[in-house]
A.B. asks: 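The structure's right below; bear with me while I get my questions together.
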Amino acid sequence: MGWADISDKVTGRLEDGRLVFYHNHQPVGEMDLRTKEMSMREGYMIDGAQIFAADNKTKLQPRYADDCDVDWCQ
């Protein structure tokens, strides 16, 4: 699985002393403005000033001949 840079597609909203990060209208992480502590939801990570989403497109699809045993495909 790879990671896709979504930094330019993330927006933020102030909510109860937190800055909540959104991607495609879904919350992906937040920062507590008092402590500056950041947390990201599963499938997202932050590195410096960039936010990344798990890139599920890189997952390999099984081929029709997978799981063959002694030339017999199931």
Side-chain angles (χ1 to χ4, degrees):
M1 169 174 50
W3 294 91
D5 184 356
I6 60 167
S7 303
D8 60 344
K9 299 174 184 145
V10 173
T11 59
R13 291 187 203 155
L14 291 173
E15 298 178 9
D16 299 323
R18 301 172 296 141
L19 179 60
V20 181
F21 303 109
Y22 288 87
H23 178 247
N24 291 333
H25 306 287
Q26 299 296 319
V28 299
E30 62 184 53
M31 179 175 76
D32 185 310
L33 295 176
R34 291 178 295 271
T35 65
K36 308 293 189 250
E37 184 177 324
M38 297 182 71
S39 62
M40 301 301 289
R41 299 248 168 119
E42 186 175 337
Y44 296 90
M45 73 173 190
I46 192 161
D47 184 21
Q50 294 178 302
I51 297 176
F52 296 89
D55 184 7
N56 297 328
K57 296 176 192 171
T58 60
K59 183 178 178 184
L60 297 176
Q61 298 295 323
R63 296 175 294 190
Y64 79 94
D66 284 352
D67 300 324
C68 288
D69 187 10
V70 191
D71 297 328
W72 181 256
C73 293
Q74 299 174 358

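Being a predicted model, the structure only gives us computed values, none of them experimental.
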A.B. asks: For Ser7, give me all partners under side-chain hydrogen bond (donor to acceptor under 3.5 Å, both in side chains), at least two apart in sequence or on another chain.
C.D. replies: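 Ser7 satisfies side-chain hydrogen bond (donor to acceptor under 3.5 Å, both in side chains) with Asp5 only.
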
A.B. asks: I'd like to check the salt bridge (charged side-chain N to carboxylate O under 4.0 Å, His left out) partners of Asp32; sequence neighbours left out, ordered by chain and number.
C.D. replies: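 With neighbours one apart ignored, the set is Arg34.
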
A.B. asks: Is there any salt bridge (charged side-chain N to carboxylate O under 4.0 Å, His left out) pair reaching into residues 42-52, and which pairs are they, with sequence neighbours excluded?
C.D. replies: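 Passing the test, one end in residues 42-52: no pairs.
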
A.B. asks: Hey, what else clusters with Leu14 if you join Ile, Leu, Val, Met, Phe, Trp, Tyr whenever side-chain heavy atoms sit under 4.5 Å?
C.D. replies: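 Under the 4.5 Å side-chain rule, Leu14 groups with Ile6, Val10, Leu19, Phe21, Val28, Met31, Leu33, Met38, Met40, Tyr44, Ile46, Ile51.
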
A.B. asks: For Gln26, give me all partners under side-chain hydrogen bond (donor to acceptor under 3.5 Å, both in side chains), at least two apart in sequence or on another chain.
C.D. replies: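 By the side-chain hydrogen bond (donor to acceptor under 3.5 Å, both in side chains) rule, Gln26 matches no residue at all.
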
A.B. asks: Which pairs, with at least one residue in residues 12-21 and sequence neighbours excluded, count as a side chain to side chain donor-acceptor pair (under 3.5 Å)?
C.D. replies: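 The answer is Glu15-Tyr22, Arg18-Glu30.
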
